[in-house]
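Following: one structure in structure tokens, then a few remarks.
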2 protein chains.
Amino acid sequence: MTQKQSYTEAARSFGHLLRSPYEKLSRRIYGELAQRGFPEIRFSHSSLLRTIAPEGSRLTDLAQQAGITKQSMAYIVSDLQDSGYVTHRPDPADGRAKLVCLTQRGEHLMATMIEISQGIADEINRTCGKDFLERLKSQLAKLDQALN
Amino acid sequence: MTQKQSYTEAARSFGHLLRSPYEKLSRRIYGELAQRGFPEIRFSHSSLLRTIAPEGSRLTDLAQQAGITKQSMAYIVSDLQDSGYVTHRPDPADGRAKLVCLTQRGEHLMATMIEISQGIADEINRTCGKDFLERLKSQLAKLDQALN
DNA sequence: GTATTTAGTCAGTCTGTCTGACTATAGTCA
DNA sequence: TGACTATAGTCAGACAGACTGACTAAATAC
């Protein structure tokens, strides 16, 4: 086995194993969202959807939590606003700031994402064994800690 | 706990746990490559680097294996060619085709990536326990299968 | 009251993906 | 053998999503 062959095997063994299930989960979730009436939702939207607070969030906070610039987050906010998932309202605590808030459609989207995620989790546990995901999550959290 | 709060917790528990270590590993690997004399290498290059065969590969095969269009792969090949990591030569079996081959610099890059990956794997096993990665890989492979 | 910092917007740039169209070559079939 | 279809790679343009610098209005610090 040549050195080059052992490289592709080494790479595939881990980087691939982390990326592939993630990509498959993404495709499943966005595919099912499209089928359930949310065809506009894309991967980039997750940087806002996974961090927005129930009471609304500031653009700069969303950007910082997602690790992107406020201009990039503004682009995503604009897109979700055009599709009716979020809206703006002034932040009473700061005349400069606006709060990005979920609309009713946005809240419905969130509820649907939870439902889809739960369904996938149940399916995985049925296929891979009881509490498989809990144990996997525990190991991934340990890995995540070790990589800091 | 509101429904919206439970969403972010559910999402963070898994999607986040798959993405975060992957992003950290990527930053580590590309950071160390830059320090070791390969500053041009970026994440997008991995779609070629992880699949190119030791004897060279056709553009269309690389594209298919990576799941992107041949035009996108051509864009990546061009970038790596400009930086001296790959070169073209005609495919003797087909007058239309060219083989994308690693240069000496490209092979050195590959060897360095293996070294860096091995070092990270050893460090993870030291931190998380003997054979931690083997057991984690096994579970991730199981998950990957379950998601097909 | 002045200087500095912050929130958000605007415009432009870059990367990396896509599509359609094209030319040259290969394969198939009658 | 010629006509037709398919394939390999290139070209040009479009788009999504990331970035930077500059700007205005509001907040904060002194």
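- With DNA chain D read from its 5' end, the first of the two nearest nucleotides for Leu99(B) and Ser47(A) is the one closest to Leu99(B).
- Computed from coordinates, the Ile41(A) CD1 to dG17(D) P distance equals 11 Å when rounded to whole Å.
- At whole-Å resolution of the value, NE2 in His45(A) and C1' in dG17(D) are 10 Å apart.
- With dA7(C), dA16(D), dC18(C) as the choices, the nucleotide that has an atom nearest any side-chain atom of Gln71(B) turns out to be dC18(C).
- For dC19(D), the OP1/OP2 oxygens have a side-chain nitrogen or oxygen of Ser72(A) closer than 4.0 Å.
- Put simply, CZ on Arg96(A) is 13 Å from P on dT9(C), counting in whole angstrom units.
- Side-chain proximity of Arg58(B) to the nucleotides dA8(D), dT15(C), dC18(C) is greatest for dA8(D).
- Comparing dG8(C), dT17(C), dA26(C) by their nearest atom to the side chain of Asp94(B) picks out dA26(C).
- Between Ile68(B) atom CD1 and dG9(D) atom C1' there is a gap of 14 Å when expressed in whole angstrom units.
- For the pair Thr69(A) and dC19(D), the criterion of a side-chain N or O lying under 4.0 Å from OP1 or OP2 is met.
- Using modelled atom types, one side-chain atom of Asn125(B) and one backbone atom of Phe132(B) make a donor-acceptor pair closer than 3.5 Å.
- Proximity note for Lys98(A) (side chain, C-beta onward) versus dT17(C), dT9(C), dC19(D): the nearest is dT9(C).
- What separates CD of Glu40(A) from P of dG17(D) is a distance of 13 Å, to the nearest Å.
- Among the nucleotides dC19(D), dA7(C), dG9(D), the one closest to the side chain of Lys70(A) is dA7(C).
- With rounding to whole Å, Gln64(A) atom CD is found 9 Å from dA7(C) atom P.
- Taking atom CG on Asp91(B) and atom P on dG9(D), their separation rounds to 8 Å, with Å as the unit.
- Residue Ser44(B) is classed as a sugar-phosphate contact, given heavy-atom separations below 4.0 Å to backbone atoms only.
- Listed nucleotides dT10(D), dG16(C), dG8(C) differ in distance to Leu59(A); the shortest reach to its side chain belongs to dG8(C).
- Residue contacts shown for Thr60(B) are limited to sugar-phosphate atoms, with no base heavy atom under 4.0 Å away.
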